[in-house]
Amino acid sequence: MRRAFYEHPVLDVARDLVGCVVSHAGSSGVIVETEAYHHSEPACHAYIGMTARTRVIFGPPGRAYLYRSYGIHACLNAVCEPEGIGAAVLIRALEPVEGIELMRERRGVERLENLCSGPGKLTQALDIGLELNGSDLLKGPIVIASRPRAWRDVDVVASRRIGITKAAELPWRFSALGNRFLSRAALSRLERAEQALAR
DNA sequence: CATGGGATTGACT
DNA sequence: GTCAATCCCATGC
């Protein structure tokens, strides 16, 4: 992955990240669900402007923004757009690839579909903690690599973001069509119908 | 310095 | 379907 990939508009990056591979600590997975956030809309942490917390979101592209959610979970974002613009893509779900036994130990669950099917689950499965906030996604320890050949032409669908109260109507969530590793809550009634048809 | 809310998850009815 | 866990940080006194 090149630095320029992350400098593009955040909606483009969110769509293009689906199919890319996240690796950390002996485990990896293909991104199957993302959400875009931009400082111009109130659901984004950077909406309030530059603070100690949001400094990384306004920083150079290609870095990791990690925050604690509900006091319990860590959530992973990729910082986008040129430095000075607050934009990031939340990684919401992965299809597990490498280190599946490690993921099972870290998560304490067996079922493959339960390992990385949510933003808090995947950071636990890949052992990604808040201490990696601000780290470089091109240099590591967390690395995001381009789509494998098999994912080159993945069908990506846009829909509404979930789990938020502000600006929830924006269709800024991007999912791999029909994938079985999406976050469970991410499936709208329409998408469940689509999946049923796909089977 | 005290308070309140949140880009979630899992357990339970 | 409901609900609590639990911590970071922004805000207001």
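Each chain gets a letter, A, B and so on, in the order its sequence line appears, and its residues count up from 1.
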Among B/dT9, B/dA7, B/dT8, find the nucleotide with the atom closest to the side chain of A/Tyr70.
B/dT8

For DNA chain C, which consecutive runs of 3 or more Watson-Crick or G-U pairs (each distance under 3.5 Å) count as stems?
B:1-6 with C:7-12, B:8-12 with C:1-5

Among the candidates B/dT9, C/dC8, B/dT8, find the nucleotide nearest to the side-chain atoms of A/Leu130.
C/dC8

Just verifying a value: how many Å separate A/Leu126 CG and A/Arg106 CZ, rounded to the nearest 0.5 Å?
6.5 Å

Between A/Thr34 and A/Ala14, the two heavy atoms sitting closest are OG1-O, 2.9 Å

Are A/Val13 and A/Phe5 close enough that some pair of their side-chain heavy atoms sits under 4.5 Å apart?
yes

Look at the side-chain N and O atoms of A/Lys121 and state whether any lies under 4.0 Å from the OP1 or OP2 oxygen of B/dG10.
yes

Between protein and nucleotides 11-13 of chain C, what N or O pairs are separated by less than 3.5 Å?
none

To the nearest angstrom, the CZ-C1' distance between A/Arg68 and C/dA5 comes to 12 Å

For A/Tyr37 and B/dA7, are the ring centres under 5.5 Å apart with planes inclined under 30°?
yes

Which of these, A/Arg92, A/Lys121, A/Arg15, A/Arg161, sits in a salt bridge (Lys or Arg N to Asp or Glu O under 4.0 Å) with A/Glu33?
A/Arg92

Could you state the interatomic distance from CG (A/Leu76) to NE2 (A/His24), rounded to the nearest 0.5 Å?
10.0 Å

Is the A/Phe58-A/His39 ring centre distance short of 6.0 angstrom?
yes

Taking CZ from A/Arg161 and C1' from B/dT8, how many angstroms apart are they, rounded to a whole number?
16 Å

Could you state the CD-P distance from A/Glu41 to B/dA7, rounded to the nearest angstrom?
11 Å

To the nearest Å, how far apart are A/Leu90 CG and B/dT8 P?
7 Å

Return whichever of A/Gln124 or A/Glu35 has its heavy-atom-nearest nucleotide of DNA chain B closer to the 5' end.
A/Glu35

Could you tell me the separation between the CD1 atom of A/Ile72 and the P atom of B/dA11, rounded to a whole number of Å?
12 Å

Measuring only between side-chain heavy atoms, which start at C-beta, is A/Arg173 closer than 4.5 Å to A/Ser159?
yes

If you take all heavy atoms of A/Gly140 and A/Ser135, which pair is closest and at what distance?
O-CB, 4.3 Å

Could you state whether A/Tyr67 and A/Ile142 fall into the same hydrophobic cluster, counting links through intermediate Ile, Leu, Val, Met, Phe, Trp or Tyr residues with side-chain heavy atoms under 4.5 angstrom apart?
no

Atom pair distance, as rounded to whole Å: NE2 in A/His38 and P in B/dA7:
18 Å

Mind checking whether A/Leu122 and A/Trp151 sit in one hydrophobic cluster, side chains of I, L, V, M, F, W, Y counted as touching below 4.5 Å?
yes

Of the candidates B/dG10, B/dG6, B/dA7, the side chain of A/Arg107 sits closest to B/dG10

When rounded to whole Å, the CD1 to P distance for the pair A/Ile162 and B/dG6 reads 16 Å

Name the nucleic acid region contacted by A/Ile164, choosing base, sugar-phosphate or nothing; use a 4.0 angstrom heavy-atom cut-off, strictly under.
sugar-phosphate

Rounded to whole Å, the NE2-P distance (A/His73 to C/dA5) equals 14 Å

